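First comes the structure, then the notes that go with it.
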Amino acid sequence: MRRAVPVLGALLAAGLLLAAALSLITVRTDMADFLPQGGTEAARLVMQEARAGSATGLILLGIEDAPTAELARISTASAAGLRDSGLFSVVAGGQAALADTEGADLFARRYLLAPADFDTPALRRGLEDLLRQLRSSTAPLATQFGLADPPGAFGALLRSWIGSSQVRTVDGAWFAPDRDRALLLARTRAGGMNVLAQEAATAAIEAAFRAAGPGPARLLIAGPAVFARDAARAIKADVHRIATVSTALVMLLLWWRFRSPLVIAAIAAPVVLSVAAAAVAVQAAYGAVHGVALGFGATMLGVSLDYPVLMIGHRKRGEPAAATRARIGPAFILAVVTAVLGLSAMVLSGFPGLAQLGIFAAAGLAPAAAAPGWRRPG
Amino acid sequence: MLALLAPRRAWGADKAADGLDLQALMAGLAAVPERRATFQETRRFAALDQPLLSTGRLLYRRPAYFSKTTDWPQPETLVVDGGRLVLTAGNEAPRVLDLGAVPELRTLVDAIRGPLAGDLAALRRAFSVTAAGAAGGWTLGLVPLDPRAARLLRQAEVSGRGSEVLAVRLVQANGDEQQMAIRPLP
């Protein structure tokens with residue numbers, strides 16, 4: 001019992017430190033941290049777009065399995081709910097794909113977006129074409145846009161964007177061309193790789209859909225943001241399962257070997273302490289800790305279990321702790337140093353998430369090896 | 001005050017001031033299942049110093065089919081069937097438009113198709129409707145209720161005699177106008 005006090009005290013202190021560290025750090029779940037940073041200017045631009053570009057927050061919604069008129073009603077009501085949520089910068093599913101102000105902006109910059117010729121023959125062709133349009137049924141469009149744009153750059157731009165898209169409209173709601181499925185397009189204000197914000201967006205979508213009284217209709221959701229969120233969910237679940245299973249197996253193994261809760265406590269204390277130290281180190285270096293680095297890092301720091309196990313295992317009967325330490329010390333220190341060096345190589349990785357994992361593991365091993373492992377029960 | 005009330009009362013009774021029975025006029029228009037006609041169109045644009053003329057043929061079939069075939073000077077076919085608009089200019093590929101996607105275009109189409117269909121209730125959902133004249137020479141004034149629609153159409157006037165439609169005048173938001181003189185074919 002006399003021996004139990006320092007061991008349990010150390011475990012308790014380590015636990016408190018870990019709790020303090022976890023409340024201190026900011027956990028990020030942005031999956032873009034596990035994408036490479038890119039070596040060239042072009043690669044960095046592509047990565048920047050993949051992380052925060054306008055396409056990453058796009059969410060495609062489909063509503064199906066109800067009569068057409070009902071689908072149109074649900075679609076319109078859901079779109080109104082999404083707009084009210086304030087989480088989306090764009091909610092489109094009806095007539096005005098291009099807001100008036102956006103249309104005016106594009107028109108004002110038409111020659112930047114679609115270069116046009118202004119030499120005499122080209123202008124003559126443009127004006128003759130404009131006259132033809134004024135004679136045709138599209139005259140109202142020609143007066144609205146054509147008169148201020150004789151080369152026809154704006155029209156050509158819109159035609160190239162529309163491409164071969166064939167969306168139908170029923171009662172002011174977009175429908176897939178080949179089946180009864182109402183379509184909505186939404187863009188979140190938050191980046192698509194920001195998993196927490198995407199969870200909130202998905203919750204808002206589901207709430208808006210339910211509030212629209214869907215009856216038998218079914219909601220389908222897709223988009224880069226949705227894939228990122230699903231990937232994050234899968235990773236989180238994996239980390240959770242691996243952590244639980246490995247902790248249980250290690251505890252079982254240690255119990256089978258030592259049959260002493262006190263020894264297990266003595267072994268656990270440095271691991272808990274190392275996770276706390278690692279989390280604080282990564283927070284200090286990056287301003288945040290990625291959830292994946294935290295999860296896998298904690299699992300990797302399981303190797304620090306070895307240190308107290310080594311100490312206890314190498315100790316001969318009746319030998320004082322200091323003597324064991326002196327005997328295996330040099331080899332032990334070498335093992336710790338190589339492990340720290342090996343893991344810190346990950347810091348050089350092009351993936352910010354992996355670099356975090358390297359710092360996490362290396363920063364965790366050092367205190368695990370240095371401190372309480374040596375204060376094992378006698 | 002009286003000026004505000006007067007047109008409201010006139011609509012309520014469906015009678016214009018000089019006794020045109022709007023309900024009866026619409027019923028008469030609705031009774032014709034199919035119409036064929038030739039037209040001569042004059043377009044005046046603020047941007048051009050002379051009007052553009054064209055001629056062609058019209059076909060209407062209850063309840064929602066309408067086609068305008070321009071023969072001269074520039075062949076073009078405009079067909080509206082229900083909610084679908086197909087525009088074929090000369091030898092180009094037909095362009096298909098969904099009227100549901102472009103409400104202002106639907107309003108423009110309904111300004112012509114609505115009086116031919118004779119559905120007063122439908123007409124009043126999209127326009128403020130005024131009527132003038134008598135059965136022997138009437139004019140329907142249509143002003144779109146939706147401000148978005150007003151960008152393509154400020155005002156439409158459809159005039160005729162009995163159950164015949166003889167002229168359509170469309171005025172755009174910028175004042176450009178399009179006048180169609182219609183000669184019914186037997």
Side-chain angles (χ1 to χ4, degrees), chain A residues 68-69 71-73 75-76 92-101 103-104 107 126-150 152 155-156 158-159 162-177 182-185, chain B residues 41-48 50-56 67-70 72-80 83-90 92 95-109 112 146-149 151-154 170-178:
Chain A
T68 311
L71 288 177
R73 185 195 64 74
S75 169
T76 310
Q95 43 238 221
L98 203 59
D100 285 354
T101 49
F107 188 70
L127 287 166
E128 277 169 353
D129 197 43
L130 188 58
L131 188 62
R132 257 196 302 282
Q133 287 176 43
L134 288 176
R135 287 186 192 280
S136 86
S137 300
T138 56
L141 281 179
T143 47
Q144 205 177 341
F145 298 110
L147 290 173
D149 179 19
L158 293 186
R159 276 194 296 279
I162 290 168
S164 56
S165 115
Q166 288 274 308
V167 172
R168 287 183 296 149
T169 305
V170 179
D171 296 345
W174 289 343
F175 273 75
L183 301 175
L184 283 169
L185 186 70
Chain B
E41 193 175 56
T42 310
R43 300 180 182 209
R44 291 190 178 81
F45 296 99
L48 299 184
Q50 42 185 291
L52 299 180
L53 304 178
S54 57
T55 59
S67 80
K68 176 188 176 198
T69 310
T70 309
W72 177 89
Q74 191 174 295
E76 179 192 85
T77 312
L78 174 76
V79 177
V80 187
R84 228 167 79 105
L85 183 152
V86 183
L87 180 67
T88 316
E92 290 174 27
R95 273 191 276 173
V96 183
L97 261 174
D98 181 0
L99 290 183
V102 198
E104 49 265 57
L105 193 58
R106 156 154 254 149
T107 308
L108 186 61
V109 166
I112 300 167
D146 179 5
R148 274 182 75 92
R151 292 190 306 194
L152 275 192
L153 179 69
R154 184 200 287 170
L170 304 173
V171 184
Q172 274 197 55
N174 65 355
D176 288 349
E177 64 169 63
Q178 185 178 348

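Everything numeric in this text was worked out from a predicted model, so none of it was measured. Below, chains carry the letters A, B, ... as their sequence lines are ordered, and counting in each starts from 1. Side chains are part of it too, since the values below use all heavy atoms of this structure and drop only hydrogens, waters and symmetry mates.
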remark   = When every non-hydrogen atom of A:L134 is compared with those of B:R43, the smallest separation belongs to O-NH1, 2.9 Å
query = Given the rule in the side chain to side chain contact (heavy atoms under 4.5 Å, CB included) test, do A:Q144 and B:L152 qualify, once you have shown the distances and angles that lead to the verdict?
reply = CA-CA 9 Å; A:Q144 205 177 341; B:L152 275 192; 4.1 Å; yes
request  = Using non-hydrogen atoms and a 4.5 Å limit, figure out which bit of A:S137 sits close to chain B: side chain, backbone, both or neither.
outcome  = both
ask   = Is the shortest heavy-atom distance from the side chain of B:S54 to the side chain of A:R135 under 4.5 Å?
value = no
task = Select one option (side chain, backbone, both, neither) describing which atoms of B:L53 are under 4.5 Å from chain A's heavy atoms.
result = backbone
request  = Flag the pair B:R95 / A:T138 as yes when at least one side-chain heavy-atom distance between them is below 4.5 Å, and no otherwise.
outcome  = yes
message = Heavy-atom pairs under 4.5 Å with chain B - which of A:L147, A:T143, A:L131 has more of them than the others?
response = A:T143
